[in-house]
Structures are given as structure tokens and as C-alpha cells.
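Below is one structure, written out as C-alpha cells; comments come after it.
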Amino acid sequence: MDVLVRRLVWEELDEAVRVEEAAMKGYGYLRDTSELFFNDEVGPMLGAFHGEELVGIAKYTVLPDHTAWLETLRVAPEHQRKGVGRQLYEEFERISKRLNIPSMAMYTGLKNIPSYSLARVFGLDTAGRYREFQLDLAGCTAPEAVAAFEPVGEEEACQLLGTLAEKYEHFIIFNRTFMHMNKDIFSALAREGKVYIDRASGSFMAFGNRFLEKRSVQIAMMAGDYKKCMDYAVKVGLEKGVPQVVTMTPISDEALQQVVTDYGFKMAADLQVMSGEVR
Ligand SMILES: CC(C)(COP(=O)(O)OP(=O)(O)OC[C@H]1O[C@@H](n2cnc3c(N)ncnc32)[C@H](O)[C@@H]1OP(=O)(O)O)[C@@H](O)C(=O)NCCC(=O)NCCS
């Protein structure tokens with residue numbers, strides 16, 4: 001199908017949300033991330049137009065380690081399997097070449113064959129499998145004697161989080177944004193105040209949100225006394241009035257999954273991150 005792919009402008013937000021909701025059967029978050037996505041001067045919020053009609057959307061994001069994160073790819077159901085997704089990926093490739101970005105990554109549900117297959121066409125392949133867990137805060141009471149977690153600086157963040165690379169299988173995940181574990185990412189997270197330590201117990205974690213702050217707080221990774229980390233997350237979540245604490249574990253890490261389910265987290269989704277070099 002003949003489509004034109006270009007950057008979307010603010011006035012097109014409602015149309016983009018319509019495509020998102022149609023493709024995701026009513027679910028969506030674009031309206032809540034629109035400030036971040038539409039105001040991003042580096043990575044565009046893209047739209048694919050068939051004539052006047054918006055038929056597909058996708059966001060291209062450059063992460064702090066100068067790799068690309070491909071997100072929010074949706075094609076209106078009546079226009080799927082006509083090459084629209086392919087043309088959005090072709091634009092991802094063009095942008096990557098223009099910006100000299102060496103690699104691209106995205107995530108999808110472990111059972112999302114269309115999304116997986118499309119990514120494979122462009123040379124991306126599975127780089128990790130993760131399980132998302134959610135803890136419902138409704139009716140939760142604030143834990144007692146919560147540890148005094150404090151944010152750390154860039155150097156300490158690199159040193160602490162670096163020790164978790166194997167355990168978390170080389171990705172750090174906030175709001176389903178899978179970032180390679182490296183010093184550029186750790187430093188950026190520290191600058192954003194998202195790496196915490198409890199000096200008394202030596203426990204530490206990457207904690208906060210990339211976006212959607214009203215929907216959850218996220219434990220991207222944790223180490224040391226897990227209960228102290230999760231108690232702190234619950235306390236902050238309750239203070240913020242969000243409905244959930246969310247965390248991710250590698251699917252292979254059954255011991256960590258036991259820890260979070262014993263605490264009360266429920267399994268929410270199985271996801272895979274796919275990455276590849278720009279061709
Ligand atoms: C995933 C999605 C974006 C694909 O977009 P699309 O425009 O339908 O994909 P295209 O027509 O460009 O497909 C290109 C290639 O991807 C693969 N592909 C796409 N849909 C497929 C399917 N249902 N089954 C198997 N392979 C598929 C094929 O290799 C296809 O090439 P072909 O048609 O020549 O065989 C679309 O299905 C969608 O919006 N799904 C709902 C939202 C979603 O899951 N987004 C992914 C983010 S997690």
C-alpha cells in the first residue's frame with residue numbers, strides 16, 4: 001500500500017490515539033506520553049498516511065547510550081499486513097543512518113508473532129526474555145520501618161548497577177523500555193535520581209519511571225535485602241497514590257520470581273526484547 005511516513009504534529013494527536021486504540025483493542029498510553037513523544041526534537045513521533053488517512057504510528061527514541069529504541073508501533077487493523085509496518089521500519093533505518101545510530105531495539109509480547117516477524121525482517125533478534133510482575137496497591141497498608149534509601153551519584157550508580165549485569169541479563173527496564181546495561185545508561189539514570197542505596201544494609205535499586213508516573217512506580221532492578229527494596233517501593237507508591245508497583249525479572253530467574261511473588265506481586269506478562277545492528 002502506498003503510504004507517506006512523516007513526523008506527526010501536535011494537532012494530529014487525537015488521530016494518532018485513534019490508531020493506537022484501534023490497534024490495541026482500546027488500550028493505550030500515547031495521550032499520557034504525548035508531551036515526551038511529540039516534543040522530542042531528536043527522535044520523531046511518526047505517522048504513516050495513506051492519502052489523508054493516518055493508518056500507522058511509531059515513535060523513534062534515542063537512548064542515552066546513543067542506541068535507538070523503537071516504540072508504540074501500531075497499524076490500524078483494517079490496514080495491517082499491507083506493508084505499513086515495514087515502511088515505518090524503513091524510516092527507522094533511515095533515521096538511524098542519518099543520526100549515525102549503530103543499533104536498534106524494541107520489545108514485544110512473547111506471543112506477538114506479527115511484531116516479532118516484522119522485527120526479524122529488519123535483522124532484529126531476541127536478546128532477552130523477561131517476566132513483568134505487578135503489585136496492586138489498593139488496600140495495601142504502608143510498611144513499617146522502611147529503610148532510608150537515598151539517591152547515588154553517577155560513579156556509584158555505575159559501580160553498583162554494573163554488578164547486576166549478569167543477574168538481570170544485560171537489560172535495565174523502566175516502563176517496558178529495555179536499555180542495555182552500560183555506563184551511559186547508568187549515569188543518565190543517576191542524573192535523573194533513579195538509583196538508590198540504603199547505606200545501613202547495602203541494598204540498592206534502580207527505581208522510578210521513564211513515563212506514566214500516575215500509573216505505577218517501577219523497580220527496574222534491586223539487590224541486597226529485597227524486602228527492604230520492595231517495602232520502599234510500596235511506601236513511595238502509596239505516597240504518590242499510584243495503583244501499582246511494577247517490576248521485571250529475567251524469565252530464567254525463578255528464584256527472583258519466587259521472591260517477588262512471595263511478597264505479593266502477580267505475574268502480568270511475558271515479554272521479549274529484540275535488538276540488532278542497523279544494516
Ligand atoms: C505488528 C504490526 C505493527 C505489523 O504491522 P503491519 O503493517 O501489519 O506489517 P507489514 O504488513 O508491514 O508486515 C511486514 C512483514 O512483517 C511480518 N508480519 C506482519 N504481520 C504478520 C503476521 N500477522 N504474521 C506473520 N508475519 C507477519 C511479515 O514478514 C510481513 O511481510 P509479508 O507480509 O511480506 O509476509 C501490526 O500487526 C500491529 O499494529 N499490531 C498491533 C500492535 C502491536 O502489536 N504492535 C507491536 C508493538 S509490541
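Note that ligands are numbered from 1 as they come in the structure, with each ligand's atoms numbered from 1 the same way.
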Solution key, residues 146-155 side-chain donor-acceptor pairs under 3.5 Å, sequence neighbours excluded:
unit_1, atom_1, unit_2, atom_2, d
Glu150, OE2, Arg199, NE, 3.2
Glu154, OE1, Arg191, NH1, 3.3

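- For ligand 1, residues of the protein lying within 4.0 angstrom by heavy-atom distance are Ala23, Met24, Leu73, Arg74, Val75, Gln80, Arg81, Lys82, Gly83, Val84, Gly85, Arg86, Tyr107, Thr108, Asn112, Pro114, Ser115, Ser117, Leu118, Val121.
- Residues meeting the side chain to side chain contact (heavy atoms under 4.5 Å, CB included) test with Gln159, sequence neighbours left out: Glu156.
- Tyr27 and Tyr29 have perpendicular rings, their planes meeting at more than 60° on a 0 to 90° scale where under 30° would count as parallel.
- Donor-acceptor pairing under 3.5 Å is recorded for the side chains of Asp231 and Tyr263.
- Every residue two or more places apart in sequence or in another chain was checked for a ring-ring contact (aromatic ring centres under 6.0 Å, His included) with Phe49, and none qualifies.
- For the residue pair Arg210/Thr177, the side-chain donor-acceptor check at 3.5 Å is satisfied.
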